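Here the structure is laid out as structure tokens; the discussion comes afterwards.
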Amino acid sequence: MKSLHRTSTAQESFDSSAVNRRTLLGAALGVGGTALLAACGSQGQGASSSSSAASASESAAASAASSSASSPAAASSAAPSPVASATSASASASASASVSSSPLALAQPSVESQPDSLRCLVNKMRPFEQQDWEPSDLVEFYGHQLRAEAAKAADTMIDAAATDGVTLLVSSAYRSYAVQQQTYQYWVSVNGQQVADQLSARPGYSEHQTGLAIDFASPEGCRLEECYRDTLAGQWLAKNAPRYGYILRFPDGRQSVTGYRFEPWHYRYVGVQIAQEYVSSGAKTFEEFIGTGAAPDYASAN
């Protein structure tokens, strides 16, 4: 596995605090919970932390440690909240069996014949044709993995932000089919499938599997929360990301098109040329830009 570059001190501190939280949560959850935490937030064999898989914010995860209820504010890519129990683990296993056997129904393969295309669109109506597809050019990237071109562009963008006095932290990047499967099933066991589908992508339908998506964070907090847009990092990304080939994938007020709630931290690499065309087109979502129509829900209700 290629390695792109150094990891910043701020990123190391961010990753270290995340690891410490997972260690504490793992101890509280036991063996089953530790496995889920490893799948949903740690650097692993061919996969990193979870997203368009649902996940609670850092503050939600902390408060959930002393609560038996799950917060519906969970967003698409962090470690699960520490409310798991033997009951929820059992429910997860049961849900996994039912969802994995769910038919694709009317869902169509992604618009590009090659999943490694920068124009590849993956959403609730357009899964990967080969559901467990993996990129061939992944590189190590701030404790996670990303496709080489996307990582190089993001590295340049992170440096540019730093020059402007803004720190961009990386919360999540590439996630494999297997990791997405574990992450999604966890949230089904906690919130039920209907709520989980608003927050988390089913395995084979996650944009993170393309290796082109990043969930950013900030030293200011608001990790995986809508208030991220008000942080210096969120504001900088909203203004500058397209210059480096990244677009905001799940904008505010467009859940009826994208199928997901507003995620001001989730950016998708499409390349500078396509990003500029996207901005110039006036399209509000990648779906509208590509012209595939809305994907508010899965073709199959099961």
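Note that the structure is predicted; figures quoted are calculated from it, not measured.
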Derivation and outcome, side chain to side chain contact (heavy atoms under 4.5 Å, CB included), residues F216 and L169
CA-CA 6 Å; F216 287 100; L169 300 176; over 6 Å; no
Please check if Y267 and V257 belong to a single hydrophobic cluster, counting links between Ile, Leu, Val, Met, Phe, Trp and Tyr side chain heavy atoms closer than 4.5 Å.
no
On a heavy-atom basis, the closest approach of F250 and E207 is CZ-OE1, 4.4 Å
Compare all side-chain heavy atoms of L232 with those of E220 and state whether any distance is below 4.5 angstrom.
yes
Out of the candidates R249, R254, R126, only one should pair with E287 under the salt bridge (charged side-chain N to carboxylate O under 4.0 Å, His left out) rule; please name it.
R249
Knowing that exactly one of N123, V122, I247 qualifies, which makes a side-chain contact (heavy atoms from CB on, under 4.5 Å) with F286?
I247
Of all heavy-atom pairs between G211 and L146, which one has the smallest distance, and what is that distance?
O-CD1, 3.4 Å
From R268 atom CZ to H208 atom NE2, the distance as rounded to the nearest 0.5 Å:
11.0 Å
Here the gap from Q198 atom CD to D297 atom CG, rounded to the nearest 0.5 Å, amounts to 8.5 Å
Would T285 and E288 count as a side-chain hydrogen bond (donor to acceptor under 3.5 Å, both in side chains) here? Give the steps.
CA-CA 5 Å; T285 66; E288 293 166 285; 2.7 Å; yes
Report the C-alpha separation of F128 and T210 in whole Å, then their side-chain angles, then the decisive distance to 0.1 Å, and conclude whether the side chain to side chain contact (heavy atoms under 4.5 Å, CB included) test is met.
CA-CA 9 Å; F128 287 91; T210 66; 3.6 Å; yes
Nearest 0.5 angstrom please: F141 CZ to R147 CZ, how far?
14.0 Å
N/O donor-acceptor pair under 3.5 Å between T156 side chain and K152 backbone:
yes
Nearest-0.5 Å distance that lies between atom CG in L212 and atom OH in Y174:
11.5 Å
Any donor-acceptor pair under 3.5 Å linking the side chain of Q131 with the backbone of Y177?
no
Side chains of S200 and Q180 in contact at under 4.5 Å (non-hydrogen atoms)
yes
Can you tell me how far OG of S172 sits from CD of Q145, rounded to the nearest 0.5 angstrom?
11.0 Å
Selection residues 176-192 - residue pairs positive for salt bridge (Lys or Arg N to Asp or Glu O under 4.0 Å), sequence neighbours left out:
none
Using distance alone, with no hydrogens and no angle criterion, decide if Q209 and S206 have a side-chain donor and acceptor under 3.5 Å apart.
no
Side-chain contact test, heavy atoms from C-beta onward, threshold under 4.5 Å: evaluate it for E277 versus V279 and give yes or no.
no
Identify the residue among D137, V139, L118 that makes a side-chain contact (heavy atoms from CB on, under 4.5 Å) with E149.
L118
Flag the pair Y184 / Y205 as yes when at least one side-chain heavy-atom distance between them is below 4.5 Å, and no otherwise.
no
K284 side-chain N/O to G253 backbone N/O, donor-acceptor pair under 3.5 Å
no
Correct closest heavy-atom pair for S256 and P296 would be O-CB, 3.3 Å
Nearest atoms (heavy-atom pairs only) where S281 meets F289:
OG-CD1, 3.5 Å
Give the C-alpha distance, both sets of side-chain angles, the deciding distance and a yes or no for side chain to side chain contact (heavy atoms under 4.5 Å, CB included) between Y260 and H266.
CA-CA 11 Å; Y260 296 100; H266 181 112; over 6 Å; no
Quick check: closest heavy atoms across T167 and A233, and the distance to 0.1 Å?
O-CB, 3.8 Å
In this structure, CD of Q235 is separated from CG of D230 (nearest 0.5 Å) by 6.5 Å
Grab the two heavy atoms, one from D252 and one from F262, that are nearest each other, plus how far apart they are.
N-CD1, 3.1 Å
Within the 4.5 Å heavy-atom criterion, are T231 and P219 side-chain neighbours or not?
no
Please step through side-chain hydrogen bond (donor to acceptor under 3.5 Å, both in side chains) for the pair Q185 and Q181, ending with a clear verdict.
CA-CA 6 Å; Q185 297 300 343; Q181 188 173 43; over 6 Å; no
According to a hydrophobic-cluster definition based on side-chain heavy atoms being under 4.5 Å apart (Ile, Leu, Val, Met, Phe, Trp, Tyr only), do L237 and Y278 belong together?
yes
What pairs of residues pass the ring-ring contact (aromatic ring centres under 6.0 Å, His included) test when at least one of them lies in residues 222-247, not counting sequence neighbours?
Y246-Y269
